[in-house]
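Heads up, the thing below is written out as structure tokens.
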Amino acid sequence: MKKYDALIIGFGKGGKTLAAALGKKGIKTAVIEKSPLMYGGTCINIGCIPTKKLIHTAADAKKNQQADYSEKNNFYAAAIREKNTLTALLRQKNYDNVAAAADIYTGAARFQTDHTVEVQLPDGKISLYGEKIFINTGSEPVIPPITGLQLSRRVYTSTTLMELSTLPQRLVIIGGGYIGLEFAAMYANYGSMVTVLEYGDTFIPREDRDIANVIQTRLEELGVRFIFNAQVDEITDENELTTVSYLERNSGMSVKIPADAVLVATGRKASTASLNLEAAGVAVNERGEIIVNELLQTTVPHIWALGDVKGGLQFTYISLDDFRIIKEQLLGQKNNRTTANRSPVAYSVFLDPTFARVGLSEEEALLSGHKIKVAKIAEAASPRARLFGSISGYLKAIVDAENNKILGAAFFCSEASEIINIVQLAMKADLDYTVLRDNIYTHPSMSEFLNDLFSTLD
């Protein structure tokens, strides 16, 4: 049995960064990853990097919407090849970086005790001992119990759809969450006819209605069709197509629609089922997520969990911040970093244009008892947005009327994923909104539009 000071299960953002940091300090470290196609984790292989690469290329495809299907399909197939080249490059780079600092074992991990892990290698099993163990196994798609779904040849997850080299002429997406919406916008721009089936009756219900309505209208302009109150109950393959059957929850009517591909986008869950966590005494909640404290320790003090596997926000930058929290504990740094003091955290959804949000919505602010001021402005008023040809968006910020602190912001506009970070930093620094209103920004830029947005409060 090989013994290590640190044993990391999973090659995601937090795990790989921790392995490199510990290895450089002379701490004997090993990383276990079950798939050679996942070196580097979800983000670079099947998540944010490949999707954003395809979304970026889809913006060019949108300019040629008058092309016939054959041309669109050829463009899409080339985009998939470019995406595959990029992910392969990044995967090898990540492997090399970690291999320089730690031992790497490629195989499925399973706990034997709270210090030992069995790894199923291609040529047999091996047991590894870890003085400290870190679980970074990420998340996986939730597969709903729909009749025929598991048997269909044309049902995909967000991972497998990106391996499809033929552009689906008719794409049906089950689920109207953020992942489903990203794929809806992307494939509509490539030229697919996209239909989104949403079980609920409200479009992105966690967002304020004014900004949600603008986003829905824009996606519909791109050609995305939304059907709400749709309970999908069966998927049936035929020779040339697949039929998706759903029940209209209001009328009780059964409806069938044809599809060349079906994307299941009904959420993600923690990847813990195969880890045999009970052998280590590591507790999980009712959703299978590993229970941790503010320092990311599990119910076993020498075992930590980081990234999606512990639940909460499923972003690669959260996994990176989890690494920072753990690094401080292991390397004796005293910045008192915990999961409790890193808010607010922004997020972005790469639609067309991008949607980004941080902090409270208007509704949440009011329910929390705040007296508020609301700043609103149309993207079309921005010269920079005009340069991009993007005039459909909308920006909104919520300010505490009693102390001028920013409570939240939601931007649906060009470069929203960039300018939201400025607002997040201002909130973190507890600055008045007037600092952003009066700051001098470069021109022409989207960040200078913060001058205009917050000036609407004057």
Side-chain angles (χ1 to χ4, degrees), residues 1-36 38-45 90-107 109 111-119 121 126-138 275 277 280-282 290 292-310 312 315-342:
M1 181 184 294
K2 290 191 176 182
K3 295 187 176 182
Y4 291 91
D5 300 316
L7 197 57
I8 300 170
I9 306 174
F11 213 126
K13 182 67 173 181
K16 70 185 182 186
T17 313
L18 181 63
L22 296 180
K24 289 177 182 177
K25 293 292 184 179
I27 297 172
K28 190 176 181 182
T29 304
V31 177
I32 305 168
E33 171 53 53
K34 68 179 179 180
S35 170
M38 288 298 290
Y39 298 137
T42 295
C43 181
I44 69 161
N45 290 292
L90 295 176
R91 184 162 56 245
Q92 187 62 51
K93 180 180 178 181
N94 275 263
Y95 180 90
D96 293 342
N97 287 343
V98 172
D103 293 340
I104 299 175
Y105 296 88
T106 304
F111 278 95
Q112 295 173 309
T113 72
D114 62 334
H115 278 289
T116 59
V117 174
E118 178 187 86
V119 185
L121 300 173
I126 186 174
S127 292
L128 304 176
Y129 176 93
E131 188 64 30
K132 296 180 175 66
I133 299 178
F134 307 88
I135 305 171
N136 183 220
T137 50
L275 291 175
L277 292 173
V282 174
I290 296 177
V292 296
N293 62 18
E294 292 181 356
L295 296 175
L296 301 174
Q297 288 173 300
T298 70
T299 47
V300 181
H302 63 268
I303 300 178
W304 288 257
L306 57 165
D308 295 357
V309 75
K310 69 185 190 313
F315 302 123
T316 191
Y317 46 88
I318 292 295
S319 186
L320 179 61
D321 197 59
D322 288 348
F323 149 74
R324 297 187 187 109
I325 292 171
I326 291 175
K327 184 182 76 167
E328 288 183 6
Q329 299 169 59
L330 300 183
L331 301 183
Q333 299 170 346
K334 300 296 181 183
N335 294 326
N336 298 316
R337 198 180 198 101
T338 72
T339 58
N341 60 21
R342 65 181 170 197

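Worth knowing before you read on, the calculation uses all heavy atoms, side chains too, and leaves out hydrogens, waters and symmetry mates.
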- Task: Please step through side-chain contact (heavy atoms from CB on, under 4.5 Å) for the pair V292 and W304, ending with a clear verdict.
- Result: CA-CA 8 Å; V292 296; W304 288 257; over 6 Å; no
- Task: Output, in order, the C-alpha distance, side-chain angles, deciding distance and verdict of side-chain contact (heavy atoms from CB on, under 4.5 Å) for I325 and R342.
- Result: CA-CA 10 Å; I325 292 171; R342 65 181 170 197; 3.8 Å; yes
- Task: Would you please test L18 and T29 for side-chain contact (heavy atoms from CB on, under 4.5 Å) and show each step?
- Result: CA-CA 9 Å; L18 181 63; T29 304; over 6 Å; no
Shortest non-hydrogen contact between [X] and [Y], atoms and distance:
X	Y	value
V300	G281	CG2-O, 3.5 Å
A305	I290	CB-CG2, 3.8 Å
M1	S127	CG-O, 3.3 Å
V282	T299	CA-OG1, 3.5 Å
A19	A102	CB-CB, 4.4 Å
F134	A6	CE1-CB, 3.8 Å

Between [X] and [Y], is there a donor-acceptor pair closer than 3.5 Å when you use the side chain of the first and the backbone of the second?
X	Y	value
K24	A101	no
T137	I135	no
T106	P36	no
N94	Y39	no
H302	D114	yes
N136	L306	yes

- Task: Verify salt bridge (charged side-chain N to carboxylate O under 4.0 Å, His left out) between D96 and K93, making sure each step is shown before the conclusion.
- Result: CA-CA 5 Å; D96 293 342; K93 180 180 178 181; over 6 Å; no
- Message: Under the criterion side-chain contact (heavy atoms from CB on, under 4.5 Å), I'd like the reasoning laid out for E33 against I104: C-alpha separation, chi angles, the key distance, then a yes or no.
- Response: CA-CA 8 Å; E33 171 53 53; I104 299 175; 5.5 Å; no
Report yes if some heavy atom in the side chain of [X] is under 4.5 Å from a heavy atom in the side chain of [Y]; otherwise report no.
X	Y	answer
I133	I9	yes
I32	V117	yes
F111	I303	yes
N293	T339	no

In Å, rounded to the nearest 0.5 Å, how long is the span from [atom1] of [X] to [atom2] of [Y]?
X	Y	atom1	atom2	answer
D5	Y129	CG	OH	10.0 Å
T298	L277	OG1	CG	8.5 Å
D103	I8	CG	CD1	11.5 Å
I44	T316	CD1	OG1	9.5 Å
N336	E294	CG	CD	11.5 Å
K327	R337	NZ	CZ	9.0 Å

- Task: Could you please spell out the steps behind the salt bridge (charged side-chain N to carboxylate O under 4.0 Å, His left out) verdict for K13 and D308?
- Result: CA-CA 10 Å; K13 182 67 173 181; D308 295 357; over 6 Å; no
- Query: Regarding K16 and the six-membered ring of F11, is the cationic atom NZ or CZ under 6.0 Å from the ring centre and inside 45° of its axis?
  - Reply: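 No, K16 and F11 do not form such a contact.
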- Go through the steps for K310 and D322 under the test salt bridge (charged side-chain N to carboxylate O under 4.0 Å, His left out), then give the verdict. CA-CA 11 Å; K310 69 185 190 313; D322 288 348; 2.6 Å; yes
